[in-house]
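Just so you know, ligand 1 is whichever comes first in the structure, and atom 1 is the first atom listed for that ligand.
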Amino acid sequence: MADTQFSLELTDDQAELRKWLHEFAAEVIRPAAHEWDEREETPWPVIQEAAKVGIYSLDFMAQQWFDDTGLGMVIAQEELFWGDAGIGLALMGTGLAAAAVSANGTNEQMGEFIPAMYGTPDDVKLGAFCSSEPDAGSDVGAMKTRAVYDEAKDEWVLNGTKTWATNGGIADWHVIVATVDPELGTRGQVSFVVPPEFKGKGLTQGQKFKKHGIRASHTAEVVIDNLRLPSKFLLGGKEKLDDRLNRAREGLKTGRSQPSMATFERTRPTVGAQAVGIARAAYEVALDYAKTRVQFGRPIIENQGIAFKLADMKTRIDASRLLVWRAAWMARQGKSFDAAEGSQCKLFAGETAVWVTEQAIQILGGNGYTREYPVERMHRDAKIYTIFEGTSEIQRLVIARAISGTYIR
Ligand SMILES: Cc1cc2nc3c(=O)[nH]c(=O)nc-3n(C[C@H](O)[C@H](O)[C@H](O)COP(=O)(O)OP(=O)(O)OC[C@H]3O[C@@H](n4cnc5c(N)ncnc54)[C@H](O)[C@@H]3O)c2cc1C
């Protein structure tokens, strides 16, 4: 684990990274944002362009994850999502599936599956992480998708329906969380990688959702019907699973969280950084507008009612970023999140993005409410940050339990 002291001074490499991504966000992502929001489709040309310049790639993601300070990934997310959140998620959905493999897989599985999930610039691939189900959203333990081992064939047979999966069905690679022993709740759950050759042979896309925001990001059901997977696709391997199940059955603590939670823990600062990017984008549009829009013979920013709003917006955005950077730094240094600092940053940044984007609409008045200006899209996009990867209520639950040591419901 890295041992780098916390500093708010960006290194030359980080400053360079931020500049490069900002240019890509401004020149490629932002100009495409309105079109793909209206089309409600995956922005393939933007993903391909990002792959060509090296942003949509395992190398890029790995470099940011392994930045000693922990800040590389959150700096990257903020810039890309400043460009546009829907397109940002289309670029980052694969990362969630890759994070699940890295949280639960063996070194061999990581080496084989993660690069394949990204493909190459000439042949781009996508990944999807499928945990949520119609009756198991916040309550991950209620998951019904079942995995049964067929010893004679050394295969697993999976059945169930996943919902709200980012890239679900259009992805080449799917990570599916399933239960092998429902009586054990979350401790009886395990993750599988489903390679492309099983699409249409046990794994199919169900309904594609029409959404309020992040509409350039594909969200759909994934239907799993007698999907037969060879053992090598069980993340972590059977031996480890049997050991874990035995210990859980004996009522002993397994010493690790269940698969979905392990994934979310690693991704929370990243998600918080995305929300910071959206909030900053809306704030900048509102600041510019307030300086140029004239009413009652003066720019509206000369009214305290507007200027103070902008002061609060800026302050909350900067506070969000600091919480995100703290959690990202702690995660990289291997510090334990004793006060659920990962959840704190996701909660605060998510709610800040919703609040800031709403203030931005207010500052733009009637224009803010139309699709001629980007802040209404940013407001719709921001709202998902109080819902996915753990709702705001669930983040508060996690924080409250951590600080109180009490099992709060
Ligand atoms: C656009 C989008 C993309 C998504 N992408 C993915 C993905 O890629 N992979 C994936 O697996 N999932 C994904 N999800 C699912 C997402 O993580 C869930 O929607 C989320 O976890 C909430 O679950 P739910 O929608 O079932 O809400 P519910 O759990 O039904 O919650 C409903 C309300 O009740 C509240 N609530 C529930 N329990 C409690 C409690 N104990 N205390 C207080 N309040 C509570 C919630 O906070 C919420 O306000 C995505 C969802 C969306 C909308």
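- Between the choices Gln395, Glu393, Arg396, the shortest heavy-atom distance to atom 44 (N) of ligand 1 belongs to Glu393.
- The contact set between ligand 1 and Ser131, taken as ligand atoms under 4.0 Å from a residue heavy atom, comprises 10 (C), 11 (O).
- Between the side chain of Asn159 and the main chain of Asn226, a donor-acceptor pair closer than 3.5 Å is present.
- Of all atoms in ligand 1, listed by their number and element, those nearer than 4.0 Å to a heavy atom of Ile387 are 20 (C).
- Taking the six-membered ring where tryptophan is involved, the planes of Phe60 and Trp20 are perpendicular, since the angle between them exceeds 60° and thus also 30°.
- Within ligand 1, the atoms closer than 4.0 Å to a non-hydrogen atom of Ile384 are 1 (C), 2 (C), 52 (C), 53 (C), numbered from 1 in the order shown.
- When Gly213, Gly137, Ser217, Ala220 are checked for heavy-atom proximity to atom 21 (O) of ligand 1, Gly137 turns out nearest.
- In the vicinity of Glu389, heavy-atom distances shorter than 4.0 Å reach the ligand 1 atoms 17 (O).
- If you check each of Phe209, Phe388, Trp164 against atom 5 (N) of ligand 1, the one with the closest non-hydrogen atom is Trp164.
- Distance alone, capped at 3.5 Å, places no donor-acceptor pair between the Gln14 side chain and the Thr69 backbone.
- Annotation for ligand 1: atoms under 4.0 Å from non-hydrogen atoms of Phe129 are 7 (C), 8 (O), 9 (N), 10 (C), 11 (O).
- Under a 4.0 Å criterion applied to the non-hydrogen atoms of Ile214, ligand 1 contributes the atoms 1 (C).
- With hydrogens and angles ignored, the 3.5 Å screen pairs no side-chain donor or acceptor of Lys211 with any backbone N or O of Ile384.
- A donor-acceptor pair is defined here as one N or O able to donate and one able to accept, closer than 3.5 Å; no such pair exists between the side chain of Lys201 and the backbone of Arg228.
- Taking the six-membered ring where tryptophan is involved, the planes of Phe81 and Tyr385 are perpendicular, since the angle between them exceeds 60° and thus also 30°.
- Residues that satisfy the side chain to side chain contact (heavy atoms under 4.5 Å, CB included) test with Tyr149, not counting sequence neighbours, are Glu151, Asp154, Trp156, Ser231, Lys238.
- Ring geometry for His22 against Trp82 counts as tilted: the plane angle lies between 30° and 60°, on a 0 to 90° scale.
- Under a 4.0 Å criterion applied to the non-hydrogen atoms of Thr391, ligand 1 contributes the atoms 22 (C), 46 (C), 47 (O).
- Checked by distance only, ligand 1 and Asp139 stay at 3.5 Å or farther apart across all their nitrogen or oxygen atoms.
- Each of the atoms 3 (C), 4 (C), 5 (N), 6 (C), 7 (C), 8 (O) of ligand 1 lies under 4.0 Å from some heavy atom of Thr166.
- For Arg18, the salt bridge (Lys or Arg N to Asp or Glu O under 4.0 Å) criterion is met by no residue, not counting sequence neighbours.
- Between Lys211 and ligand 1, a contact under 3.5 Å exists for no N or O pair.
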